[in-house]
Amino acid sequence: MRGGATYVASLRDGRTVFLDGERVDDVTKHPAFVEPIRKIAETYDQAAAAPDVTTVVDPATGRHFGAMWLIPRSADDIEIRRRVHRFWAEPSYGLMGRTPDHVASVITAFASWRQLFDRAGRQFGDNIVRFWEKARAEDLYLSYAIVPPQIDRSQPAHRQPEPFLYPGAVRERDDGIVVRGCQAIATSAAMADWLFLSYITPLAPGDDDYALSLVMPMNADGLKLYPRRPFAAQATSVYDYPLSSRFDELDVTVVFEDVFVPWEQVFIYRRVDLVNAQFHETPSHTMANFQSLVRFGVKLEFLAGLAMKLVELHSNEGNAATQAHLGGEIAALCAAFEGLVHAAQRFPLVSEGVARPHPQYIYAGMSLQRRLIVDLMRAVRELAGGAFQALPSSSASFDSPETCADTERYYRSGVASARDRVKLLKLIWDMVGTEFAGRQLQYEMFYSAAQPVVNARMFRAYDWAKAKAMVDRCLGEY
Ligand SMILES: Cc1cc2nc3c(=O)[nH]c(=O)nc-3n(C[C@H](O)[C@H](O)[C@H](O)COP(=O)(O)OP(=O)(O)OC[C@H]3O[C@@H](n4cnc5c(N)ncnc54)[C@H](O)[C@@H]3O)c2cc1C
């Protein structure tokens, strides 16, 4: 597997990133990106040092490859994938959602289901399989942009205020196509190697020019990356903002200014039906969101740990009401969610020789996720009272001769020094209250789709026939 240094070097490829109106020369040196890139690089190194968890053996060649590229054939294979997702989620405590294993799941699922791409000609199926093999061999880090900007949601792509606001093929050449337009968000794009571009929002009849599914390197000519306001660059210190300063994976708006894409990198071209089918007919939606749920489970555990540490900080752990709050509002939700993840893995749907995490549990998890994150954040806040607001304005209070005595004396707790107490409270505030925390909340609410969309998927995934049969049996008894 590739190591961290190779990964970091690969980002110095002349990619076009604009921040605050200025071009970023080298993302690996810019304060907005240094820390998240360092975290990903460290995790690549840790992954290379833990091949038992992070790799599997290709039976055809006997060579090891990254387990995130494994096509699952059974529940055991999904368990291998669960372990590698957890491996990638733990370094950021579940706070970085688009680690390399997320879009790797999409590409792997596509390769497992080439028959969908073959419908437009075998060359398209060949393209997806060949790209999956390349990505697997080189351990590529992909980001994806699959939702168009919110310009006019009442109209399809081809009826937006002008053509190619949404990304589409503006021209066809003998050797490929030229793509123009904009996609709303590609999280982690500035620190990934390749971009996958398509649509998960349904395309309409007449949207043929927009019906694309393709990949391009992040330094493709004409590909421009516009990150939102970065949190790391605003953080005054790691002590004051331990999460904002280190784990901001950065959401990026992507603009395609006549980007040329060779045919070999195109998986679907001008087929509305195939673009609309690709995420759900293949196992890609369930596999990618399995990663999201495993990662979210890590975040829940982290939140539970923070809650308990907060209670212990002020010696409230023996209080019966506090224990009930911890049990009912936090532990029950965390444990139930973990059960869903295991059920999705343990009881897969197997068809055409490919096992997908069971959609019923995937969509139940996704439907609950956005509620749980709100509930958990509120539950932790309930435990804090005014603790976050009664804190020194920054770590400088400990260093100033004029303020250090008061700071050490009055900000301590019965069991912790002021430095340790303030450190923990600032960590918790960065998890539930800062701008970074707000983005975390929005991520869990929308990383995949709006709640009604997820609920509709849950509606389709649930076994209503089985439930109704029980009622019929009851009715038949009398
Ligand atoms: C932090 C973050 C990171 C993201 N990362 C990525 C990424 O890496 N790649 C990527 O491609 N996208 C990414 N996204 C985009 C994400 O996929 C979309 O935000 C999501 O699909 C919702 O689409 P939207 O933003 O267009 O909102 P909309 O779908 O326009 O939703 C806005 C409002 O409309 C309502 N609504 C929408 N649809 C319906 C409906 N069918 N019925 C009733 N009400 C509805 C919703 O309830 C909501 O209130 C990210 C989003 C966030 C917030």
Side-chain angles (χ1 to χ4, degrees), residues 36 40 92 94-107 141-157 160 165-167 179 181-204 210 212-216 218 223 225-231 243-244 247-256 275-276 278-280 284-285 288-289 291-292 295-296 299 363 366-367 369-371 373-374 377 434-460:
I40 295 290
S92 73
L95 298 170
M96 293 171 83
R98 300 296 200 231
T99 42
D101 50 327
H102 183 79
V103 182
S105 305
V106 174
I107 300 294
Y141 182 178
L142 280 100
S143 164
Y144 66 5
I146 54 173
V147 173
Q150 292 170 314
I151 297 170
D152 181 348
R153 283 282 186 264
S154 72
Q155 295 298 324
Q160 291 298 308
L165 287 176
Y166 288 11
V179 175
C182 171
Q183 212 62 320
I185 303 181
T187 300
S188 295
M191 55 184 192
D193 301 305
W194 282 67
L195 183 74
F196 169 60
L197 164 65
S198 193
Y199 288 84
I200 193 163
T201 44
L203 293 178
Y210 303 86
L212 304 174
S213 179
L214 51 83
V215 286
M216 61 183 70
M218 216 55 87
L223 174 59
L225 309 180
Y226 290 99
R228 61 150 163 75
R229 208 171 95 92
F231 307 134
L243 305 176
S244 311
F247 302 126
D248 181 14
E249 59 188 340
L250 272 157
D251 311 298
V252 173
T253 298
V254 285
V255 169
F256 307 91
V275 168
N276 287 347
Q278 66 185 328
F279 291 106
H280 295 285
S284 115
H285 204 253
N289 287 306
Q291 179 273 343
S292 300
R295 190 241 350 126
F296 186 63
K299 186 191 259 187
Y363 296 124
M366 291 174 73
S367 179
Q369 191 168 4
R370 64 196 60 221
R371 298 181 236 174
I373 189 66
V374 177
M377 282 187 169
T434 60
E435 192 174 354
F436 173 86
R439 184 270 176 192
Q440 288 289 321
L441 179 61
Q442 204 70 7
Y443 183 83
E444 303 305 350
M445 291 171 69
F446 278 106
Y447 74 84
S448 167
Q451 179 87 50
V453 179
V454 177
N455 289 351
R457 289 188 183 123
M458 182 68 228
F459 174 78
R460 289 193 290 273

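Just follow the structure's listing: the first ligand is 1, and inside any ligand the first atom is 1. The structure presented is a predicted model; accordingly, all values stated were derived computationally and were not measured.
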Problem - Side-chain donor-acceptor contact under 3.5 Å, Gln291 with Ser105 - result: no

Handout entry: Within-cut-off N or O pair, Pro452 and ligand 1, under 3.5 Å
Key = no

Practice task
Could you tell me which atoms of ligand 1, counted from 1 in the order shown, lie closer than 4.0 angstrom to a heavy atom of Tyr447?
Solution key: 17 (O)

Exercise for the section: Give a yes or no on whether the backbone of Gly97 and the side-chain of Glu249 come within a donor-acceptor separation of less than 3.5 Å. Expected result: yes

Completion exercise
Quick note on ligand 1: atoms under 4.0 Å from a heavy atom of Arg153 include exactly 24 (P), 26 (O), 30 (O)

Practice task
Examine distances only and state if a side-chain atom of Asn276 and a backbone atom of Leu203 form a donor-acceptor pair shorter than 3.5 Å.
Solution key: yes

Practice task
Determine yes or no for a side-chain-to-main-chain donor-acceptor pair under 3.5 angstrom, with Gln183 supplying the side chain and Ser198 the backbone.
Solution key: yes

Problem - Backbone or side-chain N or O of Asp251 under 3.5 Å from ligand 1 N or O - result: no

Completion exercise
The atoms of ligand 1 lying under 4.0 Å from a heavy atom of Ala145, numbered in the order shown, are 11 (O)

Exercise for the section: Record the part of Tyr144 in heavy-atom contact with ligand 1 below 4.0 Å; permitted values are side chain, backbone, both and neither. Expected result: both

Handout entry: ligand 1 contact by Ala184, heavy-atom criterion under 4.0 angstrom
Key = no

Exercise for the section: Show which atoms of ligand 1 fall inside a sub-4.0 Å distance from at least one heavy-atom site of Thr187. Expected result: 3 (C), 4 (C), 5 (N), 6 (C), 7 (C), 8 (O)

Exercise for the section: Take Tyr141 and Ser188 through the side chain to side chain donor-acceptor pair (under 3.5 Å) test and state the conclusion after the steps. Expected result: CA-CA 9 Å; Tyr141 182 178; Ser188 295; 3.3 Å; yes

Exercise for the section: Please report which non-hydrogen protein atom sits nearest to atom 7 (C) of ligand 1, along with the residue it belongs to and the distance in Å to one decimal place. Expected result: Ile185 O, 3.4 Å

Fill in the blank from the handout: Ala449 heavy atoms within 4.0 Å reach ligand 1 at atoms 20 (C), 21 (O)

Practice task
Measure from atom 36 (N) of ligand 1 to every heavy atom in Ala189, Ala450, Ala456 and give the option owning the shortest one.
Solution key: Ala450

Practice task
Could you tell me whether atom 51 (C) of ligand 1 has a protein heavy atom closer than 4.0 Å?
Solution key: yes

Problem - Main-chain N/O of Arg371 paired to Glu444 side chain as donor or acceptor, under 3.5 Å - result: no

Handout entry: Proximity to ligand 1 by part of Met445, non-hydrogen separation under 4.0 Å
Key = neither

Problem - Min N/O separation Pro148 to ligand 1 under 3.5 Å - result: no

Handout entry: Salt-bridge contact Asp251-Arg439 (side-chain N to carboxylate O under 4.0 Å)
Key = yes

Practice task
Select the closest option to atom 25 (O) of ligand 1 among His102, Gln150, Arg98, Glu249, judged by heavy-atom distance.
Solution key: Gln150

Problem - ligand 1 N/O within reach of Gln442 N/O, cut-off under 3.5 Å - result: no

Practice task
Return yes if some donor-acceptor pair links the side-chain N/O of Thr253 with the main-chain N/O of Ala184 below 3.5 Å, else return no.
Solution key: yes

Practice task
Looking only at distances, please establish whether an N/O atom of ligand 1 is found under 3.5 Å from an N/O atom of Arg439.
Solution key: no

Exercise for the section: Going by heavy-atom distance to atom 23 (O) of ligand 1, choose the closest among Val147, Val453, Ile151. Expected result: Val147

Exercise for the section: Check whether any protein heavy atom sits under 4.0 Å from atom 34 (O) of ligand 1. Expected result: no

